[in-house]
**Q** 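What follows is a structure written as structure tokens; I'll ask about it next.
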Amino acid sequence: MDPLKPAPLRERDITRHIAREFYKEFDQLIESDVIVVGGGPSGLICTRDLASMGFRTLLLEQGLALGGGFWSGGYLMNKATLCEPANEILESLGVPCKPIKECSGMTMVDPPHATARLIAAAYESGAKVLNLTKVLDLILHDEGVLEGVVVNNTTAEMAGHDIIHVDPIALESKVVVDATGHDAVVVNLLHRRNLFQKVPGNGAMWVARSEAMVVENTREVYPNCFVTGLAVAAVDGSPRMGPAFGSMILSGRRAAELVRKKLKRE
Ligand code: 48H
């Protein structure tokens, strides 16, 4: 038999089984332990860690592709920097990290390779992913108890409500992690509901300080709402870091650890 001869699939079977598999899986995604909003580097590592710990973890990403701002380095140059010890986390996932001899503590990565490995690691950990899924609102019961998020299909949202008026749907979870980078979407939604102060957005660039502050300030900012990655800088008004991704990885790992401690106490 020719090892490269394609098996003759049928059109109706392809359509039927895509629909069947999607809705069978979707039924399980309506209730999770943790919803991570945003599939950039911080969200991906956080998702991967939580799912490896055994939590039912759902990653929601508004874009078609996962990876957020990690596909490229700065200025469309295809290299990114990573501070130690974040390289150890990526190396454990099979990402080659090249030390820079003249800059102590700095390594370089090829962003597409690193992003691809992070995505694969999230899937391999058992996490579930809904892409093209935009978080628009929150589920808030009993005067502010966060119970999950409200989402819609991104393309329907992009068309605008005059063209496609589709009501959003709700996904429940015990914890929501805001990993939406500059936009800090979940925390901004808490602000819109008068449950959190105004989100200032990140401050001016100061790499050494920003990376340390993002990791240190990764935390539960509101009951059942954790913040990780660049969203931490946005929420605190702390400095930005440009194409330095180490703190995104370290913050994602810290967020997962904090969520684990919270959920284990229940
Ligand atoms: C669903 C959403 C929504 C929504 C946004 O920007 P990201 O890569 O975030 P981080 O924090 O993991 O990494 C930040 C890094 O990429 C970066 O930009 C750095 C280090 N900049 C420094 C500087 O000085 O500028 O990913 C966030 C993800 C994206 O994929 C968005 O599409 C997604 O969140 N997202 N997903 N619903 N409402 N809003």
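Atoms within a ligand are numbered from 1 in the order they appear, just like the ligands themselves.
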**Q** Would you list the atom pairs, donor with acceptor, under 3.5 Å between side chains in residues 242-255 and any protein atom, with sequence neighbours excluded?
**A**
unit_1 : atom_1 : unit_2 : atom_2 : d
Ser247 : OG     : Glu211 : OE2    : 2.6
Ser251 : OG     : Thr218 : OG1    : 2.7
Ser251 : OG     : Thr228 : OG1    : 2.7
Ser251 : OG     : Gly229 : N      : 2.8
Arg253 : NE     : Asp49  : OD2    : 2.8
Arg253 : NH2    : Asp49  : OD1    : 3.1
Arg254 : NH1    : Val215 : O      : 3.3

**Q** Going by the angle between their ring planes, with limits at 30° and 60°, are Phe26 and Tyr23 parallel, tilted or perpendicular?
**A**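 Taking Tyr23 first and then Phe26, their aromatic rings stand perpendicular (interplane angle over 60°).
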
**Q** So does Lys98 pair up with Asp110, basic N to acidic O under 4.0 Å?
**A** no

**Q** What do the steps show when you test Asn152 against Glu157 for side chain to side chain donor-acceptor pair (under 3.5 Å), and what is the final call?
**A** CA-CA 7 Å; Asn152 211 350; Glu157 282 300 309; 3.0 Å; yes

**Q** Mind jotting down which protein residues get a heavy-atom contact under 4.0 Å with ligand 1? Chain and number order, please.
**A**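 Ligand 1 pocket, heavy atoms under 4.0 Å: Val37, Gly38, Gly39, Gly40, Pro41, Ser42, Leu60, Glu61, Gln62, Gly68, Gly69, Thr133, Lys134, Val135, Ala179, Thr180, Gly181, His182, Val185, Gly229, Leu230, Arg240, Met241, Gly242, Phe245, Met248.
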
**Q** Do Lys262 and Asn224 meet the criterion of a side-chain donor-acceptor pair at a distance under 3.5 Å?
**A** yes

**Q** Nearest 0.5 angstrom please: Leu90 CG to Ser92 OG, how far?
**A**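 Those atoms lie 7.5 Å apart.
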
